[in-house]
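Below, chain A is the first sequence line, B the second, and so on; all start at residue 1. Here the structure is a predicted model, which is why all the values come from computation and not from measurement.
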There are 2 protein chains.
Amino acid sequence: MAKRPAKQTPQQPIDPDRIPRAVIKRLSLYSRILQSFEFQGIEKISSAELARRLGLNSAQVRKDLACFGQFGVPGFGYHVNDLRRQVRSILKTDREMRVILVGVGNLGSALMSYRGFLKQGFTMLFGFDVNPRAAGDRARSKVPIYDIRDLESKISGQGVDIAVLAVPTDVVQEVANRIVKCGVNAILNFVPMRIEVPARVQVRYVDLSLELESLAYYVQGREKEGEKSD
Amino acid sequence: MAKRPAKQTPQQPIDPDRIPRAVIKRLSLYSRILQSFEFQGIEKISSAELARRLGLNSAQVRKDLACFGQFGVPGFGYHVNDLRRQVRSILKTDREMRVILVGVGNLGSALMSYRGFLKQGFTMLFGFDVNPRAAGDRARSKVPIYDIRDLESKISGQGVDIAVLAVPTDVVQEVANRIVKCGVNAILNFVPMRIEVPARVQVRYVDLSLELESLAYYVQGREKEGEKSD
DNA sequence: CTTACTTTGTGAATGATTTCACAAAGTACC
DNA sequence: GGTACTTTGTGAAATCATTCACAAAGTAAG
């Protein structure tokens with residue numbers, strides 16, 4: 001049973017810039033769930049089940065996938081292996097993504113050693129720090145850590161796809177400038193400060209304390225039922 | 001100069017559940033910028049400038065703030081000190097938020113020692129780990145780390161507002177269950193897995209690798225202008 | 001005190017995203 | 001092979017968020 005679906009419009013010629021940012025994020029989520037399903041030996045999955053697991057609407061799941069082609073089989077659902085392969089191909093995590101980390105302090109070293117940050121398909125080439133020796137001690141990792149002064153020389157010709165920034169706030173713009181000058185066109189910024197870059201460079205932010213602070217707002221609302229007007 | 005603004009409808013009676021999630025997140029951003037302005041001794045700020053610094057639209061800034069009252073002065077802008085105080089009061093970061101951390105592995109210990117995670121107004125009471133001794137070595141921190149078996153007894157009566165989860169994926173639901181049972185109504189989950197909790201409990205997710213994976217999608221689009229159709 | 005200027009606060013317009021709902025397509029079983 | 005059932009893919013509708021644009025309100029300076 002479970003014949004491979006005959007019909008699959010692979011890689012429809014859709015402008016990548018037309019796809020909403022949010023769709024791409026959810027694709028990463030799908031990829032993750034599919035991986036765990038594959039690991040568990042589950043072979044088929046419906047949009048409804050996928051949606052349930054992620055707290056989404058099933059139509060949304062179908063629409064997201066429909067942006068890139070027809071991967072499903074009506075009356076059946078999606079073949080887990082197949083869909084996963086497709087999603088990884090879309091996200092380009094089926095080829096090697098070459099990553100560097102700048103700033104190997106508390107946060108940076110955690111990112112380096114935390115399995116779960118670098119997924120399959122991503123390779124950390126090396127780290128940079130103003131104090132590579134101390135940084136090397138922190139990061140329990142085989143990834144070499146160089147002096148940040150050698151940034152340009154070390155990464156030239158290495159085909160770096162993405163730079164992860166975890167440096168102090170006051171130097172993040174300067175570090176970003178240097179990285180951009182080296183031809184890196186994607187930056188993942190863990191530093192809670194907006195950086196200015198040329199339009200061709202993609203920047204994403206991860207703000208560790210933002211959600212915490214937001215949560216505080218909702219906490220107070222709950223902690224007492226009746227609000228008294230001061 | 002710079003008289004304190006006479007008019008300020010403080011804490012308009014707006015249902016906290018009516019405020020969009022995104023507004024609250026931006027409020028945290030405003031709070032952060034305002035803090036740095038205050039530090040620099042800057043006393044006035046316009047919605048336009050605030051927007052520029054955060055890559056937003058000035059009308060959006062004004063609308064966000066307008067959800068909670070009238071804090072601005074037409075023809076002048078906002079008083080930095082004043083606005084900051086207001087925003088912190090809205091977010092309730094002007095009082096102590098009591099936080100615990102469950103899971104003091106690579107990520108958890110980084111969160112503990114990373115200045116920049118716990119902002120002003122948040123206090124880390126203690127951490128929990130299956131191996132508190134090893135965890136204590138990792139976390140260079142004065143925060144006590146207890147055995148996770150003692151979770152219930154240690155946090156009872158401590159008035160814990162928020163629990164931060166950084167445990168392995170396969171135990172996160174169980175840990176969440178225990179935490180909820182202890183009466184904690186807000187969870188910040190760093191574990192990339194959706195947890196089921198009662199409706200009264202607020203859960204927020206921080207996914208460290210999601211943005212990285214999304215970035216990959218955009219990287220490939222840039223790296224070669226002409227796409228060849230296989 | 002009056003005038004010219006700036007910037008807020010906000011209804012209306014636009015744009016984006018999510019959900020609904022259903023025809024079309026494929027499955028599964030007899 | 002045929003029939004009943006399931007689930008996809010997708011326009012249309014609904015919801016949510018952002019931006020525009022301007023009257024109202026306050027500042028600043030003579």
| message | Less than 4.0 angstrom between a side-chain N/O of A:S47 and OP1 or OP2 of D:dT7, yes or no? | response |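 Answer is no, no contact under 4.0 Å.
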| field | C:dT6 OP1/OP2 closer than 4.0 Å to side-chain N/O of B:Y78 | value |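 False: B:Y78 side-chain N/O out of range (4.0 Å or more) of C:dT6 OP1/OP2.
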Measure from [atom1] on [X] to [atom2] on [N] and round the result to the nearest Å.
{"X": "B:E43", "N": "D:dT27", "atom1": "CD", "atom2": "P", "result": "15 Å"}
{"X": "A:K25", "N": "C:dA16", "atom1": "NZ", "atom2": "C1'", "result": "15 Å"}
{"X": "A:K44", "N": "D:dT6", "atom1": "NZ", "atom2": "P", "result": "11 Å"}
{"X": "B:R18", "N": "D:dC16", "atom1": "CZ", "atom2": "C1'", "result": "14 Å"}
{"X": "A:Q86", "N": "D:dG9", "atom1": "CD", "atom2": "P", "result": "11 Å"}
{"X": "A:H79", "N": "D:dT8", "atom1": "NE2", "atom2": "P", "result": "11 Å"}
{"X": "A:F76", "N": "C:dA24", "atom1": "CZ", "atom2": "C1'", "result": "18 Å"}
{"X": "A:L65", "N": "D:dT8", "atom1": "CG", "atom2": "P", "result": "10 Å"}

| task | Dump the intermediate steps for salt bridge (Lys or Arg N to Asp or Glu O under 4.0 Å) on B:D207 and A:R32, then the final yes or no. | result | CA-CA 12 Å; B:D207 191 320; A:R32 188 180 289 160; 2.5 Å; yes
| Does A:F76 have A:K44 sitting over its ring (NZ/CZ under 6.0 Å from centre, angle to axis within 45°)? |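 The answer is yes, since A:K44 meets both limits relative to A:F76.
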Give a yes-or-no answer on whether the side chains of [X] and [Y] include a donor-acceptor pair shorter than 3.5 Å.
{"X": "A:Q202", "Y": "A:R204", "result": "yes"}
{"X": "B:R85", "Y": "B:S89", "result": "no"}
{"X": "A:S58", "Y": "A:R62", "result": "yes"}
{"X": "A:T123", "Y": "A:R98", "result": "no"}

| Contact class for B:S58 vs. all strands (heavy atom < 4.0 Å): base, sugar-phosphate, or nothing? |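 Since no nucleic acid heavy atom lies under 4.0 Å of B:S58, the category is nothing.
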| Test: B:D64 and B:K25 ion pair at under 4.0 Å |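 Salt bridge: no.
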| query | Should the pair B:D161-B:R95 be classified as a salt bridge under the 4.0 Å nitrogen-to-oxygen rule? | reply |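 So B:D161 pairs with B:R95 through a salt bridge.
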| query | Of the residues in residues 30-38 of chain B, which ones touch DNA chain C at a heavy-atom distance under 4.0 Å? | reply |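 Listed by number, there are none.
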| request: Give a yes or no on whether the backbone of B:S113 and the side-chain of A:N106 come within a donor-acceptor separation of less than 3.5 Å. | output: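 Indeed, once roles are kept as given, a pair shorter than 3.5 Å links the two residues.
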| Side chain of B:Q70: nearest nucleotide among D:dT7, C:dT7, C:dT10? |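 The nucleotide sitting nearest to the side chain is C:dT10.
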| task | Ignoring the backbone of A:A66, work out which of D:dA25, D:dG9, C:dG26 is nearest its side chain. | result |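 The closest nucleotide is D:dG9.
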| Heavy-atom check, side chain of B:L208 versus side chain of A:Y114, under 4.5 Å |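 Answer yes - side chains close enough.
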| Should A:F37 and A:R84 count as side-chain neighbours, where that means a heavy-atom distance under 4.5 Å? |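 SC-SC contact between A:F37 and A:R84 ruled out.
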Are there any protein N/O atoms within less than 3.5 Å of an N/O atom in nucleotides 1-3 of chain D, and if so, which ones and at what distance?
none

| task | Can you establish whether the number of heavy atoms outside A:E96 located under 6.0 Å from its atom CD is more than 12? | result |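 Counting other residues, nucleotides and ligands, CD of A:E96 exceeds 12 neighbours.
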Give every pair of a protein N or O atom and an N or O atom of nucleotides 17-21 of chain D that lie under 3.5 Å apart, one pair per line with the distance.
| from | atom 1 | to | atom 2 | distance (Å) |
| --- | --- | --- | --- | --- |
| D:dT18 | OP1 | B:R26 | NH1 | 3.2 |
| D:dT18 | OP1 | B:Q60 | NE2 | 3.3 |
| D:dT18 | OP2 | B:R26 | NH1 | 3.4 |
| D:dT18 | OP2 | B:R26 | NH2 | 3.1 |
| D:dT18 | OP2 | B:Q60 | NE2 | 3.0 |
| D:dT18 | O5' | B:Q60 | NE2 | 3.1 |
| D:dT19 | O4 | B:K63 | NZ | 3.0 |
| D:dC20 | OP2 | B:N57 | ND2 | 3.2 |
| D:dA21 | N6 | B:R62 | NH2 | 3.3 |

